[in-house]
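Bear in mind that the values here come from a model prediction, so they are computed numbers and not experimental data. So you know, we letter chains A, B, ... as the sequences are listed, proteins then strands, and number each from 1.
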Amino acid sequence: MNMIAKLDTDITPGGPDYDTVRRVIELISEEYRDQPSLEAIAARLNQSPTQLQKTFTRWAGLSPKAFLQAVTLDHAKRLLRKEEMPLLETSIEVGLSGPSRLHDLFVTHEAMSPGEWKAKGGGLTIRYGFHNCPFGAALVMVTDRGLAGLAFSDSGDEKACLEDMTCRWPNAEYIEDRQGTAPYAERIFQPGRWTSDQPLRVVLIGTDFQVRVWQSLLKIPFGKAVTYSDIARDIGRPTAMRAVGAAVGANPISFVVPCHRALGKNGALTGYHWGLTRKRAMLGWESAHA
DNA sequence: GTTTTCGTTATTG
DNA sequence: CAATAACGAAAAC
């Protein structure tokens with residue numbers, strides 16, 4: 001169980017370095033087939049190779065070249081490779097409401113009752129705030145029962161991001177409270193603090209089917225990946241892989257519920273609500289720190 | 001190999 | 001009820 005020593009926080013959304021990193025990943029995502037060299041990438045961004053190397057490595061913990069490797073189809077397939085049997089099946093048993101360990105972040109989760117789900121958030125008070133994280137501006141949403149939402153945006157479209165999330169539970173009451181949400185953000189994005197003695201509490205608000213899918217996602221270990229059909233099988237509905245995809249995409253607590261670890265059967269990244277670039281960034285980042 | 005076609009199923013309008 | 005979707009397998013090029 002590797003603990004990530006420390007997460008660099010000096011590359012923040014909106015800053016020039018963050019933008020550089022984002023563009024590098026974007027470029028790599030689109031052209032990884034051509035295996036562009038560091039020089040080529042730097043030239044495209046009008047930067048010196050050494051400068052770029054330094055900036056990127058500070059963010060990812062590995063060079064652009066190595067990141068490119070990590071993002072290749074070939075590598076994605078390796079993540080899928082099930083060395084032993086299980087992964088999902090033998091993972092720590094998670095009940096409807098119980099502790100589980102996801103990528104070394106310890107989490108207890110509970111599901112909302114169907115009634116509460118139908119109320120579309122009615123009677124629920126949700127405090128929210130934006131915080132900087134390695135993957136952009138993170139929108140953190142918490143209720144008195146725990147973390148309920150986590151979304152991402154690039155600087156500029158925070159408004160759309162917030163709207164995207166509030167639309168999911170239109171009847172809830174929303175209060176901006178960065179003070180209140182800050183501890184969650186720190187906890188989530190500082191892996192050094194991932195401990196089991198005080199698990200992160202999350203509350204899953206969704207349909208019965210969705211909640212089952214999300215619980216399945218929570219069983220995927222850090223740095224690994226599974227297939228949509230793996231999940232379908234795990235929840236006892238082996239032919240519902242497509243519906244699983246929809247449910248994964250509807251996951252309101254991205255990253256914490258690691259929906260970025262769900263790949264197509266051939267290792268292709270099939271989609272991501274917050275942008276494929278971000279999905280690749282997360283997978284590459286995890287590969288680097290695994 | 002790659003593209004198209006069709007089966008499946010939980011949501012949404 | 002019809003349309004849709006972050007899939008997948010099989011058929012067809």
Return a table of donor-acceptor pairs under 3.5 angstrom between the side chains of residues 119-127 of chain A and protein atoms on other chains or two or more places apart.
{"from": "A/Arg127", "atom 1": "NE", "to": "A/Asp177", "atom 2": "OD2", "distance (Å)": "3.0"}

Annotated structure of DNA chain C as dot-bracket, pair cut-off 3.5 Å, Watson-Crick or G-U only, | for inter-strand, is |||||.|||||||

Sorted by chain and number, sequence neighbours left out, salt bridge (charged side-chain N to carboxylate O under 4.0 Å, His left out) with A/Arg278 holds for A/Asp154

Check nucleotides 11-13 of chain C against the protein and report each pair of N or O atoms closer than 3.5 Å, with its distance, or say if there are none.
none

Assert: residue with more 5' nearest nucleotide on DNA chain C, out of A/Gly249 and A/Lys265, is A/Gly249

To the nearest angstrom, the CD1-P distance between A/Ile231 and C/dA6 comes to 14 Å

Query raised in the report: Does A/Lys279 put a side-chain nitrogen or oxygen below 4.0 Å from OP1 or OP2 of C/dA6?
Result: no

In whole angstroms, the gap separating C1' of C/dA6 from CG of A/Leu269 amounts to 10 Å

**Item:** Charged N-O contact under 4.0 Å between A/Arg58 and A/Asp17
**Value:** yes

Across all chains, not counting sequence neighbours, the side-chain hydrogen bond (donor to acceptor under 3.5 Å, both in side chains) partners of A/Thr55 are none

A/Trp214 atom CH2 is separated from C/dA6 atom C1', nearest whole Å, by 14 Å

note: A/Asn266, atom CG; C/dA6, atom P; distance rounded to Å ~ 17 Å

Residue pairs meeting salt bridge (charged side-chain N to carboxylate O under 4.0 Å, His left out), one or both in residues 128-144 of chain A, sequence neighbours left out, come to none

A/Glu116 meets the side-chain contact (heavy atoms from CB on, under 4.5 Å) criterion, sequence neighbours left out, with A/Met112, A/Ser113, A/Arg145

A/Asp230 atom CG is separated from C/dA6 atom C1', nearest whole Å, by 15 Å

Sorted by chain and residue number, the side-chain hydrogen bond (donor to acceptor under 3.5 Å, both in side chains) partners of A/Asn171 (sequence neighbours excluded) come out as none

- Co-membership, hydrophobic cluster, residues A/Leu73 and A/Val71, 4.5 Å side-chain: yes

Would you tabulate the nitrogen or oxygen pairs shorter than 3.5 Å linking the protein to nucleotides 9-13 of chain B?
{"from": "B/dT9", "atom 1": "OP1", "to": "A/Thr239", "atom 2": "OG1", "distance (Å)": "3.0"}
{"from": "B/dT11", "atom 1": "OP1", "to": "A/Thr207", "atom 2": "OG1", "distance (Å)": "2.2"}

Separation of C/dA6 atom C1' from A/Asn251 atom CG, nearest Å, is 12 Å

note: A/Asp234, atom CG; C/dC7, atom P; distance rounded to Å ~ 19 Å

Residues passing the side-chain hydrogen bond (donor to acceptor under 3.5 Å, both in side chains) test with A/Thr270, sequence neighbours excluded, are A/Tyr228

Across all chains, not counting sequence neighbours, the side-chain hydrogen bond (donor to acceptor under 3.5 Å, both in side chains) partners of A/Asn46 are none

Between CZ of A/Arg33 and C1' of B/dG1 the distance, given in whole Å, is 14 Å

Residues 235-246 of chain A, side-chain donor-acceptor partners within the protein, below 3.5 Å, at least two apart:
none

